[in-house]
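What follows is a short report on a single structure.
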Amino acid sequence: ELTGGGGRCGRRRRTGVEESEFEHGIEELIKREELVVTVSHGGYTKRVPLTTFRAQARGGKGRAGMSTRDEDFVGQVYVVSTHTPLLFFSTTGIAYTLKVYRLPLATPQARGKALVNLLPLGDGETISTVMPAPEDAESWGALHVMFATSDGKVRRNALSDFANVRINGKIAMKLDGGTRLIGVMTCTADQDVLLATRGGKCIRFPVSRLVTKTRDGVETTSELGVRVFAGRDSVGVRGIKLAPGDEVISLSLLRHVDATPDERVAYLRIAHARRKAEGEEEIDDSGDGGTESHAADLDEARIAELAEREEFILAATENGFGKRTSAYDYRVTGRGGQGIVNIETSERNGNVVATFPISAQDQIMLVTDGGQLIRSPVHDVRIASRRTQGVTLFKVSEGERVVSVAWLPDMGEDEGDEGDEGNGDDGNGEAVPADQTAPESETGAGEEPAPGEGDEPAPGAGEEPAPGEGDDHV
């Protein structure tokens, strides 16, 4: 009977049995998912699944995002994948690297694990900046990395310089005494750098701008942006001239759009009028000024082109207020100037804590020094000109302040609950103009400087620094 059944149903073996070792890496066994990585001021880190945090309407009270003690608070928040490599830059200018899945997985209320137990940090050395890097290591050769320090210096290096970081770290940048590394981001030559200061100033300049000059029949090419540094032992060049007591608090990268000052002003006026007609905006967003006749200089094709490439900048202050502003309102200048107004730092607003590009479909996560956290959609934040005070983003408690604002990409989740408290607007839901509570500036109450005005350049009567000038080497 068995022989007959084998003849009727028997088949050759479809699999083979071989003697071999397991050749797959551990990363191939780790599930790919979105995580929220937090780093506290005291040097504690952890990873939490992004799905743990539900979206809420802006202006709510939030929820506990991390357990803190001994005056510790959450300083940095990132949304990354389990396979994303993280570059850790310390206060002494040393770079370390870890994959996200090597960080401890914890609950939102947990404190996490000390970085000193994950990285070989020396005595008195702490992590000042964490930079998520692309997962594809082959793409590092085509990218550069931009450094920004608290004293307004910037430097550009090839990202491949940090491809092979040893377990004991690698020298990334020489820092002067008291200077902190504010931001490190990957960049390309066709982008613009946006530096924002705590005192409400900002400056936008190109990453790279090559200018060709002819003298005595000889053509020479000069780099008027930020040149690529071959070594890692320089403090860089001046990006913004700071006022006494001010410091840089954020580094952002924007798409470079070739548009004249008149085109920017005309587009801002047209966009404002269309948003107001659709009921999306009720506050003045006239930008850098100009005349109504400029609107006739743009045809529909040019308007559509500028609208497609438009970005919006979110500015948030320590007292929980913020706004969105078109990137066209931030004109491109040469590096080294004193910059223009980013947001009014009145008594109500306090100092600036974050400035970065954002999309209406995204969400933001705000964290206070008391460990409170709120996640809310960006589309609730009204669009305004640079010189306004914004609307309420987070109702902070007395004596508490916002210390970090993180960008959350659109994950297709449902919006905030209807039961959350308020919408954070000042009575009628509008942003408060600067001239209601803020002191008048030197350009006049409520007036924006004309394109080209207000940018006080570095010494040299508005001239760009010559290549090599301002490169302070240790």
Side-chain angles (χ1 to χ4, degrees), residues 144-158 173-176 179-213 220-231 234-243 246-259 261 264 288 311 313 327-342 352 355-357 386 449 451-473:
H144 293 129
V145 58
M146 183 70 68
F147 295 83
T149 61
S150 58
D151 62 351
K153 297 291 181 62
V154 292
R155 201 189 74 187
R156 181 161 64 117
N157 283 83
M173 191 174 191
K174 295 289 186 180
L175 300 175
D176 297 332
T179 302
R180 296 177 294 109
L181 198 58
I182 294 300
V184 185
M185 301 182 69
T186 55
C187 66
T188 58
D190 59 348
Q191 292 179 306
D192 292 336
V193 177
L194 179 67
L195 297 178
T197 72
R198 189 174 302 279
K201 288 282 189 176
C202 67
I203 190 171
R204 179 179 179 179
F205 56 88
V207 170
S208 177
R209 185 170 67 183
L210 299 178
V211 178
T212 302
K213 297 181 180 179
T220 57
T221 302
S222 303
E223 173 63 82
L224 297 184
V226 183
R227 64 181 178 85
V228 179
F229 283 72
S234 171
V235 298
V237 295
R238 184 167 63 186
I240 184 172
K241 185 177 181 181
L242 298 172
D246 201 1
E247 64 175 352
V248 174
I249 52 95
S250 70
L251 163 70
S252 303
L253 293 173
L254 306 174
R255 289 194 297 264
H256 181 78
V257 180
D258 291 325
R264 291 191 301 104
D288 285 329
E311 293 180 281
I313 310 299
Y328 294 133
D329 212 350
Y330 296 79
R331 56 186 176 273
V332 181
T333 63
R335 64 170 179 85
Q338 292 185 357
I340 55 179
V341 174
N342 178 25
V352 183
T355 298
F356 51 84
R386 288 185 291 105
E453 296 181 1
D455 291 319
E456 300 182 28
E463 299 179 356
E464 282 289 318
E469 291 185 3
D471 298 305
D472 302 327
H473 292 275

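Throughout, numbering of the chain's residues begins at 1 and tracks the sequence. Every heavy atom of this structure was used, including side-chain atoms; hydrogens, water molecules and symmetry mates were not.
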Exercise for the section: Would you please name every residue forming a side chain to side chain contact (heavy atoms under 4.5 Å, CB included) with Ala158, sequence neighbours left out? Expected result: His144, Ser160, Asp161
Handout entry: Min side-chain heavy-atom separation Leu195-Leu251 under 4.5 Å
Key = yes
Problem - Met173 side chain reached by Thr149 side chain, heavy atoms, under 4.5 Å - result: yes
Fill in the blank from the handout: Taken in chain and number order and not counting sequence neighbours, the residues that satisfy side chain to side chain contact (heavy atoms under 4.5 Å, CB included) with Ile182 are Ser150, Arg180, Val248
Handout entry: Polar side-chain atom of Arg264 near backbone of Tyr328 as donor-acceptor pair, under 3.5 Å
Key = yes
Practice task
Evaluate the side-chain proximity of Phe205 to Ile240: yes if any heavy-atom separation is below 4.5 Å, no if none is.
Solution key: no
Exercise for the section: Determine the minimum heavy-atom distance between Gly225 and Arg335, stating which atoms define it. Expected result: O-NE, 2.9 Å
Practice task
Give, for atom CZ of Arg227 and atom CG of Asn157, the distance between the pair rounded to the nearest 0.5 Å.
Solution key: 10.0 Å
Handout entry: Minimum-distance pair of heavy atoms, taken over all atoms of Thr179 and Leu175
Key = O-CD1, 4.0 Å
Problem - Face-on cation placement of Arg155 at Phe147 ring, 6.0 Å and 45° thresholds - result: yes
Handout entry: Which atom of Arg156 lies closest to which atom of Ser208, heavy atoms considered
Key = NH2-CB, 3.7 Å
Handout entry: Set of side chain to side chain donor-acceptor pair (under 3.5 Å) partners for Ser252, sequence neighbours left out
Key = none
Practice task
With the side chain counted from C-beta on, respond yes when Ile340 and Cys202 share a heavy-atom pair under 4.5 Å apart, and no when they do not.
Solution key: yes
Problem - Side chain Arg386, main chain Val341, donor-acceptor under 3.5 Å - result: yes
Problem - Residue pair Leu254 / Ile313, side-chain heavy-atom distance below 4.5 Å - result: yes
Practice task
Could you tell me whether a side-chain N or O of Asn342 sits under 3.5 Å from a main-chain N or O of Ala196, the two making a donor and an acceptor?
Solution key: no
Problem - Residue pair Cys187 / Leu253: nearest heavy atoms and the distance that separates them - result: CB-CD1, 3.3 Å
Problem - Check: Val154 and Val237 side chains under 4.5 Å, non-hydrogen atoms - result: yes
Problem - Side chains of Arg255 and Glu311 in contact at under 4.5 Å (non-hydrogen atoms) - result: yes
Problem - Which residues share a side chain to side chain donor-acceptor pair (under 3.5 Å) with Asp192, sequence neighbours left out - result: Arg204, His256
